[in-house]
Amino acid sequence: MTDADADGSRDENDPSTRNDLEWTDPNTFTSALERADTREKGHYFEDFAEGDVIQHDPGLRLTRWGNELWTSQTLNHDPAYWRADVARDRGFDEPPIHPDYLLAATLGCTVEDLSEKGGYFLGRTNVRFPADVVAPGTDLRVESEVLTTKGSNSRPDYGIVTWATRGYDAGTGKTLCAYERTNMIPRRERLETDGSGAEADGGGRPSDTERPASALPETFVTPAGDAFEDFEAALETAENRDAVVAYRHERGRTMDDVTVATLPLATLNTAKQHHNTDAMADAPSGGIVAYGDVTRSTALGHARSDERTHREVGFEDERFHAFVTPGDTVYCFTRVLETSRETTTVNERAGTVRFQHVAFNQRDEPVYSGIRTAEILTRDD
Ligand SMILES: C/C(=C\C(=O)O)C(=O)SCCNC(=O)CCNC(=O)[C@H](O)C(C)(C)COP(=O)(O)OP(=O)(O)OC[C@H]1O[C@@H](n2cnc3c(N)ncnc32)[C@H](O)[C@@H]1OP(=O)(O)O
């Protein structure tokens, strides 16, 4: 404090209190920005240690507005999520929160702590929805545990982190959604390697040259309808032949401002990949990219439009193969893997089907793939 300050007056020569700087003068402001530190967001790879448990402060209220915004824009137009009469008929008291929105919201509010620094969303598995029904108005509390951390062989500037994340009903403590997610996260310090990738877990997956070329079956069978029996019958038709039950869905959805930027922000997903064109200009994608959960949910919406979905049971081995950018159109290809008369919700009007879905773009390039287990209503429902 200066002598002048002691009596309450300002010292005109003290730089810390001078107010005659023209902050908005372009030259002054450019210099100011060069001198100013940036208060960073997010965490680097080195900040994660196996066993760490992270509480994600933002949380979220799962609202009817958020649900309807998500399901309308991703073409998940199942009336049970929109209309009270259909909801009641399907065993819900009111149109519930859609599992895709629940999953996207659970992941969305983890981004600030886990992946806002950037990097790539590589995949997710063991996706489960232990609560059969989630009502609008439920407050979501989300927690993650760091399962593994390892170096990346292919990108020395990154590490690979896997977290187990759970979304809870903040009021009752009941688990609503759980999964394991893997991301590439930038390192604070670039790793100096001898090129052998010794720091990383070399186990990895086979290289392209080691992978066997896939031999496609001769016949592709399409189910005759959208009921459980149709999937069952199609698999029987394909059995013991050089055939597979696999087909395309006609609908596509072109990614626009709403799907690329609005939907992730509505889940409190702060990843700059989805809403900051300026920061993404120099990224490998050359601009903003769609939230993986939007790409996935859009493709699943197409698939669900060709089936009588009753409940989502879970997802395994979800992968995001390539960026989806504004203007890209998301389509879906489905393969039926198996059917079973058993259901987890003890519904005699449904059976369980295991699907493999591949989302692809207008250039027929896969952008997402995953194994999905869902309960599908029978024809006599
Ligand atoms: C929520 C969110 C962001 C956020 O979170 O905030 C988002 O929505 S963002 C949008 C959605 N996302 C994308 O848009 C990514 C699109 N995608 C790609 O652009 C390419 O896919 C790639 C550049 C990521 C990779 O491309 P690629 O280099 O050719 O891929 P690979 O060589 O197969 O994998 C490289 C290394 O990741 C290891 N690896 C791969 N998959 C898994 C897995 N499932 N589990 C564990 N490790 C895995 C692999 O083992 C290898 O490890 P090493 O580096 O040690 O070799």
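What's counted below: heavy atoms across the whole structure, side chains too, no hydrogens, waters or symmetry copies. All residue numbers refer to positions in the sequence shown, counting from 1. Counting convention: from 1, in listed order, for ligands and their atoms alike.
The residue Val324 has no part lying near ligand 1, judged by heavy-atom distances below 4.0 Å. Contact annotation for Ala322 and ligand 1: only backbone heavy atoms (N, CA, C, O) come within less than 4.0 Å of the ligand. Under 4.0 Å from ligand 1, the heavy atoms of Asn183 that appear belong solely to its side chain.
Residue Ser154 has at least one N or O atom closer than 3.5 Å to an N or O atom of ligand 1. Residue contacts with ligand 1: Ser115 is placed with a nitrogen or oxygen under 3.5 Å of a nitrogen or oxygen of the ligand (distance criterion only). Between Val111 and ligand 1, a contact under 3.5 Å exists for no N or O pair. On a distance-only criterion, His321 and ligand 1 share at least one N/O pair closer than 3.5 Å. When only interatomic distances are considered, the shortest N/O to N/O separation between Arg319 and ligand 1 falls below 3.5 Å. Below 3.5 Å of separation, one finds an N or O of Phe320 facing an N or O of ligand 1. Polar contact check, Gln273 against ligand 1: no nitrogen or oxygen pair lies under 3.5 Å apart.
By the 4.0 Å heavy-atom criterion, Arg181 is counted among the residues contacting ligand 1. Residue contacts with ligand 1 do not include Gly119, since none of its heavy atoms lies under 4.0 Å from the ligand. Remark: distances from the non-hydrogen atoms of Glu318 to ligand 1 are all 4.0 Å or more. The closest approach between His274 and ligand 1 falls below 4.0 Å for a heavy atom of the residue.
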Is there a ring-ring contact (aromatic ring centres under 6.0 Å, His included) between Tyr101 and Tyr81 once you walk through the steps? CA-CA 11 Å; Tyr101 171 56; Tyr81 294 89; over 10 Å; no
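Under the 3.5 Å distance criterion, with hydrogens and angles disregarded, a donor-acceptor pair is assigned to the side chains of Arg181 and Thr110. For the residue pair Thr329 and Gln362, no side-chain donor N or O sits within less than 3.5 Å of a side-chain acceptor on the partner. Residues Thr74 and Asn76 bring a donor and an acceptor atom of their side chains to less than 3.5 Å of each other. Counted by atom type alone, Asp256 and Thr259 present one or more donor-acceptor pairs between their side chains at under 3.5 Å.
Taking a cut-off of under 4.0 Å to the non-hydrogen atoms of Tyr120, the atoms of ligand 1 that pass are 23 (C), 24 (C). Residue Ala290 has at least one heavy-atom neighbour below 4.0 Å for each of these atoms of ligand 1: 10 (C).
For the pair Thr125 and Glu316, the minimum side-chain heavy-atom distance is below 4.5 Å. Taking 4.5 Å as the limit, every side-chain heavy atom of Asp364 sits out of range of all side-chain heavy atoms of Tyr331. Between Phe48 and Ile185 the shortest side-chain heavy-atom distance falls below 4.5 Å.
Taking every heavy atom of both residues into account, Glu312 and Ala374 meet most closely at OE1-CB, 4.0 Å.
Evaluation of the ring-ring contact (aromatic ring centres under 6.0 Å, His included) rule for Tyr368 yields Phe320 as partners, not counting sequence neighbours.
Looking at Phe121, Tyr291, Tyr158, it is Phe121 that brings a heavy atom closest to atom 12 (N) of ligand 1.
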